[in-house]
There are 2 protein chains.
Amino acid sequence: MTAAQPLLDSCSGSPTQECGHSHGATGCDDCKVRSFSVCGALELSELEGLDAISQVRHFPAKTMLFDQGALAGSVFNVTNGIVRLYKSLPDGRRQIVGFALPGDFLGLALSDRYGVTAEAVTAVKVCRFSRSAFVAFVEGRPHLLRRLHEFAGHELSLAQDQMLLLGRRTAEERVVAFLLNLQARHARIGAASVTVPVLMSRQDIADYLGLTIETVSRTLTKLAREKVLIIVPDGVRLLNKERLERIAPA
Amino acid sequence: MTAAQPLLDSCSGSPTQECGHSHGATGCDDCKVRSFSVCGALELSELEGLDAISQVRHFPAKTMLFDQGALAGSVFNVTNGIVRLYKSLPDGRRQIVGFALPGDFLGLALSDRYGVTAEAVTAVKVCRFSRSAFVAFVEGRPHLLRRLHEFAGHELSLAQDQMLLLGRRTAEERVVAFLLNLQARHARIGAASVTVPVLMSRQDIADYLGLTIETVSRTLTKLAREKVLIIVPDGVRLLNKERLERIAPA
DNA sequence: CGACTGATTGAACCAGCTCAACTCATGTGG
DNA sequence: CCACATGAGTTGAGCTGGTTCAATCAGTCG
């Protein structure tokens, strides 16, 4: 893992950042993720207010959005790309607790410190909000708070599924569950396909599934040998979904 | 594991249930967990309204409060005892995703189905609310919703810690982290002590830590042999907390 | 007392890890 | 255009932490 640099709260004129507010064509009006993101709870009339406190920001692949333990100055809505969220131990062991896809919100808890580190897996585009401005915006809009709470409840449920996976599933079950999951998530954001894009590295997958890179690789190879999937550049083609679903039940 | 029977939504006159509303001496006024439970967000004037929709209920050890996947008719505030929350696989493998102690809220997500199964580890006392009544009560009290959201954020953070534990920690680290955690939680609810009550079975601990009962037992024995703790009936006495904290780092 | 349940201990095993070699792109600069 | 470094992924071979299977122990209840 190369070190990821924080790019937050600096408007140093880097070509990867747009610091102006994003009204008009780049605003919420034509946002592709709005309907299934937290913003979907807002009336059109309220969107303007949200727009006013949001900034569009770009993070190149492998750069850090924020670091575990740091003061949570911002919250984010991912609009493009993939973000990995992880915790690590002092000796370097790492556990990825989730991948954020377009429509996902970072900083749901609205707590004053980040509980995880967030890094761009691919180039990433986000709507950034200062946390204080966002909290103020939520204040007096209980329907938005309710939506945030629904999202948090969903996250919690996913986390519990992942605990079951990490605590009790075999390597093969983990890999298959991961791929099916990824496919379902891509479908939900309007990219349904038997070919699932897998843009994160084997190391990322391993750190997400509590395995080693070798075990992930061997398991994928085995599944390919058994013709339930084909490994393609930057993805996987799921040939036998029924069989996959039998491998990774409930 | 013996089968646990659901005891919900039936007021059949069982001696373990109190079906009347609990005003007066048994109400919120003198509730020992109020300050650190979700109810702590309410004004004294609002407590009456909450009291009016709450029922005190008792669950004997090993009985089920609710089942994963069932319609969520009720939400609960635990006031006494310990509840295990778990998910299981069709073949019987089980992952306990958390233990609820007094002050903990069950059904935080307010979703329409329970995501986990809840069973009493010890005899348990709860405040029960019908979910619809509780949701209606929350409606129009954004400070309570905010409190629920804070609790959910905290739960999410704990879940992420547990993912790190399950995915990347060794057996010894898991057991030690569990004991330190339990001690800290007991301290927070006003029962700080070097002797930590461990009222759940070895099987429960194993299913929480993603280990087998034998590994939990061996690990505890080893720690006792090394004099960092003593195993006592229904608990553990932590002798060398510094050393324990070195075993299970942040 | 005997029966039962939960916990401990021992011994053999194995799923996944470690260590190491190799492949295959992609990039770089002479 | 080739030589060669670099980094991600794959594959092999051996090892080991934790599991599995099995026996024993220790309370507790009837």
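So you know, we letter chains A, B, ... as the sequences are listed, proteins then strands, and number each from 1.
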Spacing between A:I231 atom CD1 and C:dA25 atom C1', to the nearest angstrom: 16 Å

statement: side-chain hydrogen bond (donor to acceptor under 3.5 Å, both in side chains) pairs touching residues 186-200 of chain B, sequence neighbours excluded, are B:T195-B:R237

field: Partner residues of B:N181 under the side-chain hydrogen bond (donor to acceptor under 3.5 Å, both in side chains) criterion, sequence neighbours left out
entry: none

Lys/Arg N to Asp/Glu carboxylate O, B:D204 vs B:R94, below 4.0 Å: yes

field: Centroid-centroid distance, B:F76 to B:F129, less than 6.0 Å
entry: no

- request: Take A:Y86 and A:E119, measure what side chain to side chain donor-acceptor pair (under 3.5 Å) needs, and give me the verdict at the end.
  value: CA-CA 9 Å; A:Y86 65 87; A:E119 280 174 10; 2.6 Å; yes

Dump every N/O contact between nucleotides 6-9 of chain D and the protein below 3.5 Å, one line per pair.
unit_1	atom_1	unit_2	atom_2	d
D:dG9	OP2	A:R202	N	3.1

field: Integer-rounded Å distance: C:dA15 P and A:E173 CD
entry: 13 Å

message: What I want to find out is whether B:R168 reaches B:E173 closely enough, with some N-O distance under 4.0 Å, to be called a salt bridge.
response: no

query: What residues form a side-chain hydrogen bond (donor to acceptor under 3.5 Å, both in side chains) with B:S157, not counting sequence neighbours?
result: none

task: Let me know the distance between CG of B:L220 and P of C:dT9, rounded to the nearest Å.
output: 10 Å

query: What one-letter contact string describes nucleotides 12-30 of chain D from 5' to 3', where B marks a base within less than 4.0 Å of any protein heavy atom, S marks contact via sugar-phosphate atoms alone, and - marks no contact?
result: BB----SBBBB--------

query: Who passes side-chain hydrogen bond (donor to acceptor under 3.5 Å, both in side chains) against B:K241, sequence neighbours left out?
result: B:Q183

